Amino acid sequence: MTDDIRPKPHTVAASRVKMTELVLPNDTNILGNLLGGRLMHWIDIVGAMSAARHSHLVCVTASVDQLDFLSPVKLGEAVLLEAQVNRVFNTSLEVGVRVFKENLLSGQRLHANTAFLTFVGLNAEGNPSRMPQVIPETKEEREEYERALERRRVRLERRRKILEEKRT
Ligand SMILES: CC(C)(COP(=O)(O)OP(=O)(O)OC[C@H]1O[C@@H](n2cnc3c(N)ncnc32)[C@H](O)[C@@H]1OP(=O)(O)O)[C@@H](O)C(=O)NCCC(=O)NCCS
């Protein structure tokens with residue numbers, strides 16, 4: 001950590017990013033379902049954009065929490081991804097990405113997935129750098145802000161165990 005002065009805080013809304021993708025043949029498996037890896041790629045991209053929009057730093061993915069694919073997304077459906085900064089820690093922050101699938105012909109829209117990612121902001125020398133705090137404004141944003149602390153505890157504990165196992 002190299003920077004001492006933390007820049008001005010921003011609201012959650014200021015760095016929210018929405019992205020829409022159309023599921024094309026190259027995005028699917030032989031059953032015509034969206035590939036999990038393609039969805040993970042989109043989640044990572046939209047999350048990184050939100051983290052960078054908030055911090056004005058190059059942000060790298062430090063971790064992705066568990067991902068459950070609840071129902072298949074079919075060829076020809078639209079995927080709507082919405083990313084927001086839930087909480088900033090020091091040099092890292094948590095982004096939540098909500099994923100919806102939409103049948104463009106029927107208009108039916110379903111919540112397909114939620115992912116939590118941790119990004120670390122790097123300065124020009126490539127070192128982790130402190131990030132501006134985020135200001136939750138709505139009830140939902142405040143709830144996510146509170147829950148993010150416990151999620152961080154769990155993922156740092158998991159990381160500690162992995163590093164410990166590596167050493168032994
Ligand atoms: C992420 C990375 C920059 C962290 O660097 P590091 O030298 O381990 O730095 P630190 O231990 O000081 O950690 C920096 C911050 O990252 C957080 N962090 C690191 N690993 C983490 C993990 N697995 N999960 C959650 N947070 C993590 C730390 O808690 C710390 O956050 P804080 O300052 O807000 O408390 C480094 O591990 C890296 O470059 N990883 C590869 C990133 C990458 O290539 N991503 C693309 C996927 S292939």
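Ligands are counted one by one from 1 in listed order, and the atoms in each one are counted from 1 as well. Since the structure is predicted, the reported quantities are computational estimates derived from the model, not experimental observations.
- In summary, E164 and R160 engage in a salt bridge, as defined by a charged side-chain N under 4.0 Å from a carboxylate O.
- Atom NE2 of H56 is surrounded by more than 12 heavy atoms from other residues, nucleotides or ligands within 6.0 Å.
- Annotation: side chain of K18 is not in contact with side chain of T20 (no heavy-atom distance under 4.5 Å).
- With a 4.5 Å cut-off on side-chain heavy atoms, V134 and Y145 count as touching.
- Counting the atoms of ligand 1 from 1 in the order shown, those under 4.0 Å from a heavy atom of V120 are 1 (C), 15 (C), 16 (O).
- Ligand-side atoms of ligand 1 in range of T61: 42 (C), 43 (C), 45 (N), 46 (C), range being under 4.0 angstrom from any heavy atom.
- Both the backbone and the side chain of N90 come within contact range of ligand 1, each with a heavy atom under 4.0 Å.
- For ligand 1, the atoms sitting less than 4.0 Å from at least one non-hydrogen atom of F89 are 34 (O), numbered in the order shown with element in parentheses.
- Closest heavy-atom approach to atom 35 (O) of ligand 1 among the candidates R87, R152, R160: R152.
- Below 3.5 Å of separation, one finds an N or O of S63 facing an N or O of ligand 1.
- Proximity to T118 (heavy-atom distance under 4.0 Å) selects the following atoms of ligand 1: 25 (C), 26 (N).
- The two atoms that bring L75 and P25 nearest to each other are CD1-N, 3.3 Å, heavy atoms only.
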Next item on the list: Check the pair R155, E94 against salt bridge (charged side-chain N to carboxylate O under 4.0 Å, His left out), reporting the backbone distance first and the verdict last.
Entry: CA-CA 11 Å; R155 64 177 78 97; E94 181 194 276; 2.9 Å; yes
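- Under a 4.0 Å criterion applied to the non-hydrogen atoms of R159, ligand 1 contributes the atoms 8 (O), 11 (O), 19 (C), 20 (N), 21 (C), 22 (C), 23 (N).
- Looking at heavy atoms from C-beta onward, H41 lies out of side-chain contact with E21 at the 4.5 angstrom threshold.
- Proximity of L156 to ligand 1, defined as any heavy-atom pair under 4.0 Å, is confined to the side chain (atoms from C-beta onward).
- In terms of polar-atom proximity, T91 is counted as a contact of ligand 1, with an N or O under 3.5 Å from an N or O of the ligand.
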